Amino acid sequence: MNLELLEQGLIAMFIGMGVVLAFLVILIGAMGVMSNVVGYLNKIFPEVVAVPTKSKPSSAAKQDEQIAIAIAAVMARV
Amino acid sequence: MNLELLEQGLIAMFIGMGVVLAFLVILIGAMGVMSNVVGYLNKIFPEVVAVPTKSKPSSAAKQDEQIAIAIAAVMARV
Amino acid sequence: MNLELLEQGLIAMFIGMGVVLAFLVILIGAMGVMSNVVGYLNKIFPEVVAVPTKSKPSSAAKQDEQIAIAIAAVMARV
Amino acid sequence: MNIQDSLITLWNSTGIANFIQPVDPSITSPFEQFLHQFGSPIMLLVCLFLLWLGIKKQFEPLLLVPIAFGGFLSNIPVADIAGPNGFLGIIYEAGIHKGLFPLIIFMGVGAMTDFGPLIANPKTALLGGAAQFGIFGALLLALCVFGFTLPQAGAIGIIGGADGPTSIYVTSKLAPELLGAIAVAAYSYMALVPVIQPPIMKLLTTKKERVIEMEQLRAVSKREKIVFPLVVLTLCVIFLPDACPLIGALTFGNLCKECGVVERLSDTMQNALINIVTIFLGLSVGSKLSADQFLTTQTLFILILGILAFSFATAAGVIFGKIMNKFSKTPINPLIGAAGVSAVPMAARVANKVGLEYNPNNYLLMHAMGPNVAGVIGSGVAAGVLLALCN
Amino acid sequence: MNIQDSLITLWNSTGIANFIQPVDPSITSPFEQFLHQFGSPIMLLVCLFLLWLGIKKQFEPLLLVPIAFGGFLSNIPVADIAGPNGFLGIIYEAGIHKGLFPLIIFMGVGAMTDFGPLIANPKTALLGGAAQFGIFGALLLALCVFGFTLPQAGAIGIIGGADGPTSIYVTSKLAPELLGAIAVAAYSYMALVPVIQPPIMKLLTTKKERVIEMEQLRAVSKREKIVFPLVVLTLCVIFLPDACPLIGALTFGNLCKECGVVERLSDTMQNALINIVTIFLGLSVGSKLSADQFLTTQTLFILILGILAFSFATAAGVIFGKIMNKFSKTPINPLIGAAGVSAVPMAARVANKVGLEYNPNNYLLMHAMGPNVAGVIGSGVAAGVLLALCN
Amino acid sequence: MNIQDSLITLWNSTGIANFIQPVDPSITSPFEQFLHQFGSPIMLLVCLFLLWLGIKKQFEPLLLVPIAFGGFLSNIPVADIAGPNGFLGIIYEAGIHKGLFPLIIFMGVGAMTDFGPLIANPKTALLGGAAQFGIFGALLLALCVFGFTLPQAGAIGIIGGADGPTSIYVTSKLAPELLGAIAVAAYSYMALVPVIQPPIMKLLTTKKERVIEMEQLRAVSKREKIVFPLVVLTLCVIFLPDACPLIGALTFGNLCKECGVVERLSDTMQNALINIVTIFLGLSVGSKLSADQFLTTQTLFILILGILAFSFATAAGVIFGKIMNKFSKTPINPLIGAAGVSAVPMAARVANKVGLEYNPNNYLLMHAMGPNVAGVIGSGVAAGVLLALCN
Ligand code: NA
Ligand code: NA
Ligand code: NA
């Protein structure tokens with residue numbers, strides 16, 4: 001076994017595991033920050049996100065329904 | 001503002017709008033002709049288009065059905 | 001009609017049909033061997049093929065079901 | 001290799017070490033120096049903003065989310081994802097530079113479009129023509145006021161066509177360096193149609209006009225719908241072959257939809273195929289959102305010209321509607337002129353909605369679909385003119 | 001640029017100005033001069049006729065509609081859509097010239113084919129072999145009577161294989177200049193199988209033969225169906241590696257179908273993937289329908305040779321069926337020999353239908369599926385021979 | 001051409017005549033001579049064995065069936081299907097050499113992955129980090145004991161990441177000559193996770209540890225799930241741009257899934273698109289299963305190193321789980337550490353199953369999904385390090 005290769009391999013291992021774990025530690029921190037920020041936002045704008053998004057398509061659907069009725073009425077007269 | 005550029009731009013606008021409108025005017029005429037021709041064809045060959053097309057798959061479907069019955073009968077004997 | 005071309009064409013025909021038919025004759029033989037071998041295998045390991053294959057997903061499905069119940073229970077407590 | 005060298009290699013390959021470019025002494029303007037140094041991180045923020053527009057504000061999210069994400073990826077330092085050997089660079093080259101993606105999407109658009117309302121009331125096609133004034137008005141301003149070259153002005157003008165694939169196709173041919181800005185402007189303003197159009201529509205019409213009810217449309221036979229795409233394509237062949245790739249793709253998709261014997265293909269165009277291409281088109285359009293091309297005053301001008309193009313288009317459509325109403329035997333509600341900008345089916349819905357505001361029994365949707373789909377053809381034709389004149 | 005120059009530029013880019021080519025003094029024959037001048041508009045009409053065949057007459061519409069539309073687009077003057085930088089030219093180069101599209105379609109065919117009836121009655125494979133006589137008969141005539149070169153004759157002969165992707169694959173390798181005509185002939189005649197075959201079948205069989213009832217097929221186990229594609233491919237490896245791309249794609253699709261553990265992939269091959277590739281294959285095959293390659297006496301010869309190839313194939317299958325019936329212990333209805341031409345499943349349905357005409361209790365469909373799917377393998381093998389000998 | 005020459009031509013193009021290569025006098029080792037001569041037929045058998053593993057043993061069949069079939073096709077003599085003009089060679093070049101296919105699959109993986117369990121319990125991410133020790137342990141052994149070069153050792157190590165597309169992406173960049181062996185090892189061992197992991201998990205844990213019940217996970221809001229992929233990508237931009245193509249594709253897919261406004265695209269990524277690419281990725285990875293690259297002692301070493309990598313990864317995850325359990329306020333069952341190797345969702349199921357064996361009320365699945373999906377990110381990051389250091 002070549003000592004130089006061993007050194008190379010160990011360097012790769014230390015750097016590699018170091019970067020992976022450092023990355024994930026920072027990610028854990030970032031997730032903590034994220035959860036707090038989003039939790040805070042969810043408090044300030046509680047359902048604001050969900051409701052308009054849902055109501056939008058549903059209102060569009062309603063509108064489409066009305067249109068469909070209108071078209072059907074028109075077609076019936078044809 | 002450069003007069004030459006203005007001329008270039010106005011030419012592009014006149015030609016562009018001219019071509020677009022001319023194209024659509026001709027298209028309107030062509031649609032008129034098309035509707036008349038197709039309407040005439042629809043009179044001469046009233047349901048000729050729709051019926052064979054529909055009956056073809058349906059007869060094929062019928063045939064397939066018969067075949068399916070036949071195969072089922074065969075399989076039942078296996 | 002050129003005699004050389006005729007020869008070329010006839011050679012292509014004889015070789016072509018020969019190879020196609022030879023291939024299919026050998027295929028027929030191979031299918032016979034295959035059916036016998038598989039029939040024999042089917043006797044030795046009769047349903048061994050079908051049952052584990054089927055039971056595997058179904059046991060996985062069962063497991064998934066259990067998991068789903070567990071998750072539902074967990075979620076209900078949230 | 002020792003551990004110190006390796007750490008230095010690794011450090012030099014991090015984003016932190018490469019975010020900020022060193023000062024380039026050849027750049028004299030301090031603002032340009034700032035952009036040169038901080039361009040990438042600014043673009044990352046811009047792309048996050050576009051993502052927010054797509055996700056939260058639902059600005060044409062099917063396109064804007066991939067475009068913004070592609071832009072984010074492209075501005076990552078070191079990775080060079082938009083470069084010639086990068087993931088997005090390769091897709092851009094194969095799909096957009098050669099013009100395939102917009103055409104495939106146009107096939108899907110054709111397979112989803114019902115030209116019935118236009119066939120039932122052909123004269124509304126003129127409204128779809130008038131609205132193309134937005135294209136040429138913006139071209140004129142871009143050329144004379146904002147100092148763009150003629151090909152660039154043509155590409156900017158096409159934003160007023162309110163048709164994503166057409167804009168991308170034309171821009172990739174005439175001014176690929178502006179593709180990022182133009183695509184973002186085109187899709188953003190298409191999403192803003194319900195905001196941009198109503199004030200203009202109300203400004204240019206009287207209440208009396210807005211309440212006009214239109215005669216119901218006649219039924220259109222299957223045969224007419226089959227022949228129609230062939231008629232459009234044939235006219236295009238005769239008068240404007242340069243528009244034929246676009247119009248050809250559109251009419252091919254539409255013929256497949258209407259002919260009724262290739263439903264497998266029509267379904268695939270409307271679903272798997274258009275979705276796959278949309279993903280890659282979006283991502284690779286995003287690859288043109290590089291700092292040096294996007295963080296320029298040109299982009300600002302494009303955004304201004306884009307909204308002007310939409311406004312001109314709306315106004316021209318409405319005004320032409322008023323004129324047609326004067327001369328037409330059957331009544332025409334000028335509001336449907338606004339639908340001539342295309343942005344299918346959003347603009348038609350806007351016309352319908354504004355109409356309902358003033359007359360709750362006035363369902364203009366079907367009437368507005370005529371100019372709306374004619375607008376698609378109209379901007380395809382306009383694209384052909386631009387490709388023939390500006391190249 | 002002034003308005004007059006612009007109008008001239010625009011006029012020169014219209015189709016009207018370019019429809020009719022100027023007289024070429026180097027062409028002496030007046031007929032060729034006529035074709036040189038009026039080739040494009042004539043081809044546009046030809047493509048409309050092909051579209052009509054596809055849509056109205058339902059001649060293999062999944063292929064014929066895209067082929068005809070691609071041909072229409074390719075013959076538009078100025079636009080050069082089939083050129084090296086045109087939309088269809090690029091797709092042709094990437095998908096057909098390199099042979100990918102037909103192979104991908106063959107995967108889908110494999111994933112849709114059930115070889116069970118062949119495994120249940122292996123000797124019917126010979127009927128699928130005999131019917132390949134159509135290929136070599138047409139080759140002989142093309143070479144000796146009609147003056148084609150050997151590679152061209154091979155590509156023309158393969159029409160008799162009644163297998164679209166095989167024809168396109170072989171032709172793109174041996175004689176790409178004939179691709180348009182051969183593809184049109186192959187798909188048209190496949191659609192005409194119910195017209196071409198019955199008279200030949202009735203001519204060559206006695207009523208006594210036509211009423212023969214066959215023994216019911218045995219059940220085929222799942223394992224046999226899994227092993228079968230591997231057996232076919234292995235034989236192909238041993239005897240004819242040149243056929244391995246085609247047979248490999250077919251057996252890969254079939255193995256995915258039968259092995260039961262990759263249903264996602266098998267479904268995709270049968271739907272999204274085959275549909276997407278069919279669209280582009282059709283359009284880009286159409287790009288070879290140019291006037292100078294299609295409006296030739298060669299095309300006429302190809303159409304004649306194509307129908308002869310189908311007829312020879314049908315006759316050979318039926319005659320071989322009669323011979324087999326003589327020597328077989330179990331009765332064989334010679335009508336199923338006609339199914340050996342492949343054209344799956346149309347030819348098998350024709351055999352079934354003719355059988356039912358004469359004996360209303362005689363369901364030949366399953367028996368005819370054996371030669372039918374063997375015909376696919378047989379023409380794949382024949383394609384390999386042609387690629388090895390004619391190249 | 002006469003009949004004798006033709007027959008000789010045909011014979012020379014058969015597989016029989018080309019199966020066995022002639023003796024190469026420049027090869028001195030008799031074993032290498034044997035491989036040189038009989039390599040192709042041996043590889044055909046190896047591929048049949050891999051097919052059997054895929055179909056009968058259901059070893060990741062979605063990948064292993066296409067890989068094995070592609071390998072079979074590639075080893076057919078004469079046909080040269082894996083060559084630069086062959087069907088699979090072309091696909092390899094376009095899709096794998098340029099890195100597109102693994103990235104597209106990673107998009108699909110992102111669109112199918114729910115990061116909720118990780119967001120609910122962030123610290124389990126460390127377990128997904130610890131398990132990447134398998135990568136670097138195997139790299140060390142490959143480099144120092146088995147005599148591979150550094151790029152090769154990096155590519156081999158990545159097998160321990162237990163992530164198919166990541167392995168293929170990294171190997172295609174670092175050591176394409178090993179792609180066949182590494183892909184086969186990676187997918188085979190991923191399929192063997194339920195066999196490889198339990199003994200190691202039981203060896204390294206006490207019964208007391210195995211019965212630990214974990215606290216239920218909190219609910220994760222939609223907004224957190226939308227922001228999460230952007231957070232991951234941003235960190236990746238800052239610290240490791242080399243990992244951005246992989247992590248970018250993964251997070252793009254995940255964002256499309258979670259943002260809720262582009263369901264069409266997300267569905268397509270999870271179905272049509274990933275299936276199509278899987279077919280071609282598998283077949284073209286198989287094109288690297290040539291005898292001279294696969295029938296080597298290197299392949300044997302790769303198989304040994306691969307299983308060691310999986311074992312190291314499992315062990316490191318479990319041991320780190322034990323350590324975390326010591327220091328954590330809330331209890332952590334070390335079994336979930338084994339799920340850190342990724343192999344989603346197999347490894348998490350294994351952890352759940354082993355946990356249930358010892359405590360029938362202990363459902364670890366959701367807890368194990370945290371390290372499981374973190375393992376995907378972790379091996380993406382490790383891939384970035386390898387690409388930055390080993391290239
Ligand atoms: Na428009
Ligand atoms: Na055939
Ligand atoms: Na991993």
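Just so you know, these numbers come straight off a predicted model, no measurement behind them.
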Kindly give the heavy-atom pair with the smallest separation between [X] and [Y], and that separation in Å.
X	Y	result
D/Ala79	F/Pro241	CB-O, 3.5 Å
F/Arg264	D/Gln270	NH2-O, 2.6 Å
F/Pro245	D/Ile81	N-CD1, 4.0 Å
D/Pro61	F/Val261	CB-CG2, 3.5 Å

When rounded to the nearest 0.5 angstrom, what is the spacing between [atom1] in [X] and [atom2] in [Y]?
X	Y	atom1	atom2	result
F/Tyr169	D/Phe87	OH	CZ	8.5 Å
F/Asp267	D/Asn275	CG	CG	8.0 Å
F/Leu103	D/Leu88	CG	CG	9.0 Å
D/Lys56	F/Arg223	NZ	CZ	5.5 Å
F/Cys259	D/Trp52	SG	CH2	14.5 Å

Using non-hydrogen atoms only, which part of [X] is less than 4.5 Å away from chain F: side chain, backbone, both, or neither?
X	result
D/Pro41	neither
D/Phe69	side chain
D/Ile91	side chain
D/Ile16	both
D/Asn75	neither
D/Leu62	both

Find the one option among [options] whose heavy-atom pairs under 4.5 Å with chain D are most numerous.
options	answer
F/Cys256, F/Cys244, F/Ala388	F/Cys244
F/Asp242, F/Ile226, F/Thr251	F/Thr251
F/Val262, F/Ile104, F/Leu387, F/Asn271	F/Val262

- Task: Name the region of F/Ile238, side chain, backbone, both or neither, that has any atom closer than 4.5 Å to a heavy atom of chain D.
- Result: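 Both parts, heavy atoms under 4.5 Å.
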Find out whether [X] and [Y] are in side-chain contact, i.e. whether some heavy atom of one side chain is under 4.5 Å from a heavy atom of the other.
X	Y	value
F/Leu273	D/Phe280	yes
F/Leu230	D/Leu51	yes
D/Ile276	F/Met269	no

- Among D/Thr14, D/Leu73, D/Leu44, find the residue that satisfies the side chain to side chain contact (heavy atoms under 4.5 Å, CB included) test when tested with F/Val237.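 By the side chain to side chain contact (heavy atoms under 4.5 Å, CB included) criterion, F/Val237 pairs with just one of D/Thr14, D/Leu73, D/Leu44: D/Leu44.
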- Message: If the test is side chain to side chain contact (heavy atoms under 4.5 Å, CB included), which one of D/Ile279, D/Val65, D/Leu63 qualifies with F/Leu265?
- Response: D/Ile279
